[in-house]
Amino acid sequence: MATDYDELRPDLKESQEDSLEAVKSANAPDPRSVVRELDGDDSGDTGDLGGEILSGELTVHVIPQGEDEFVCQSCFLVRHRSQLAREKDGLAYCRDCED
């Protein structure tokens, strides 16, 4: 008589059916009600962006580009010369963008 080794053992098959029934019978909430609850509970989202920051004057100190820095023409970040991958036609590209 041939044995089918891919078939589940009877004791495992019963335990899987029992666990599937347990999952089906669990009191799971309706997915639509959960979405409605999440949409309705926007208590932390007041729309206030912090008036004390917006009402005051913001000062920014701009530091000019250094002699040992360049602007990558791909990502437009200011990089140190050690990050220079290539310079072609006066345009510099960093190692990250060259990859």
Side-chain angles (χ1 to χ4, degrees):
M1 179 170 144
T3 305
D4 185 8
Y5 291 104
D6 291 331
E7 185 178 347
L8 286 176
R9 295 189 323 238
D11 57 335
L12 286 177
K13 187 183 278 188
E14 289 174 8
S15 67
Q16 282 184 343
E17 289 174 3
D18 291 342
S19 63
L20 180 60
E21 290 302 320
V23 169
K24 286 181 179 178
S25 67
N27 292 332
D30 179 30
R32 290 173 290 214
S33 68
V34 173
V35 170
R36 273 187 250 117
E37 287 176 18
L38 290 175
D39 287 343
D41 186 29
D42 290 337
S43 58
D45 208 11
T46 60
D48 185 16
L49 298 177
E52 64 277 357
I53 294 174
L54 296 176
S55 65
E57 185 176 328
L58 181 65
T59 57
V60 177
H61 300 285
V62 178
I63 301 172
Q65 181 177 329
E67 292 292 324
D68 58 345
E69 295 176 331
F70 70 98
V71 177
C72 175
Q73 297 302 307
S74 181
C75 64
F76 303 106
L77 294 176
V78 176
R79 302 286 189 141
H80 189 265
R81 284 279 174 203
S82 63
Q83 292 290 317
L84 182 64
R86 71 178 168 100
E87 198 165 353
K88 181 179 177 184
D89 300 328
L91 303 175
Y93 296 92
C94 68
R95 290 182 184 170
D96 293 337
C97 294
E98 189 65 22
D99 292 336

A.B. asks: Shortest non-hydrogen contact from Tyr93 to Phe70?
C.D. replies: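 Reported closest heavy-atom pair: C-CE1, 4.0 Å.
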A.B. asks: List the steps and the verdict of side chain to side chain contact (heavy atoms under 4.5 Å, CB included) for Asp96 and Arg79.
C.D. replies: CA-CA 10 Å; Asp96 293 337; Arg79 302 286 189 141; 3.2 Å; yes
A.B. asks: Between Cys75 and Cys94, is there a side-chain heavy-atom distance shorter than 4.5 Å?
C.D. replies: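 Cys94 vs Cys75: side chains touch.
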A.B. asks: Could you give the distance from CZ (Arg86) to CG (Leu91), rounded to the nearest 0.5 Å?
C.D. replies: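 Nearest 0.5 Å value for the CZ-CG distance: 8.5 Å.
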A.B. asks: What heavy-atom pair brings Leu84 and Arg95 nearest, and what distance separates the two atoms?
C.D. replies: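 Leu84 and Arg95 have their closest heavy atoms at O-NE, 4.3 Å.
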A.B. asks: Ignoring hydrogens and angles, tell me if any N or O in the side chain of Gln65 forms a donor-acceptor pair with the backbone of Glu69 under 3.5 Å.
C.D. replies: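 Pair found, side chain donor or acceptor close to backbone of Glu69.
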A.B. asks: Work out which heavy atom in Ala85 is nearest to a heavy atom in Glu98; give both atom names and the distance.
C.D. replies: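 Smallest interatomic distance, heavy atoms only, reads CB-CB, 3.6 Å.
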A.B. asks: Can you name the closest pair of heavy atoms from Glu87 and Arg81 and give their distance?
C.D. replies: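 Where Glu87 meets Arg81 most closely, the heavy atoms are OE1-NH1, 4.1 Å.
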A.B. asks: Side-chain contact test, heavy atoms from C-beta onward, threshold under 4.5 Å: evaluate it for Asp68 versus His80 and give yes or no.
C.D. replies: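 In contact.
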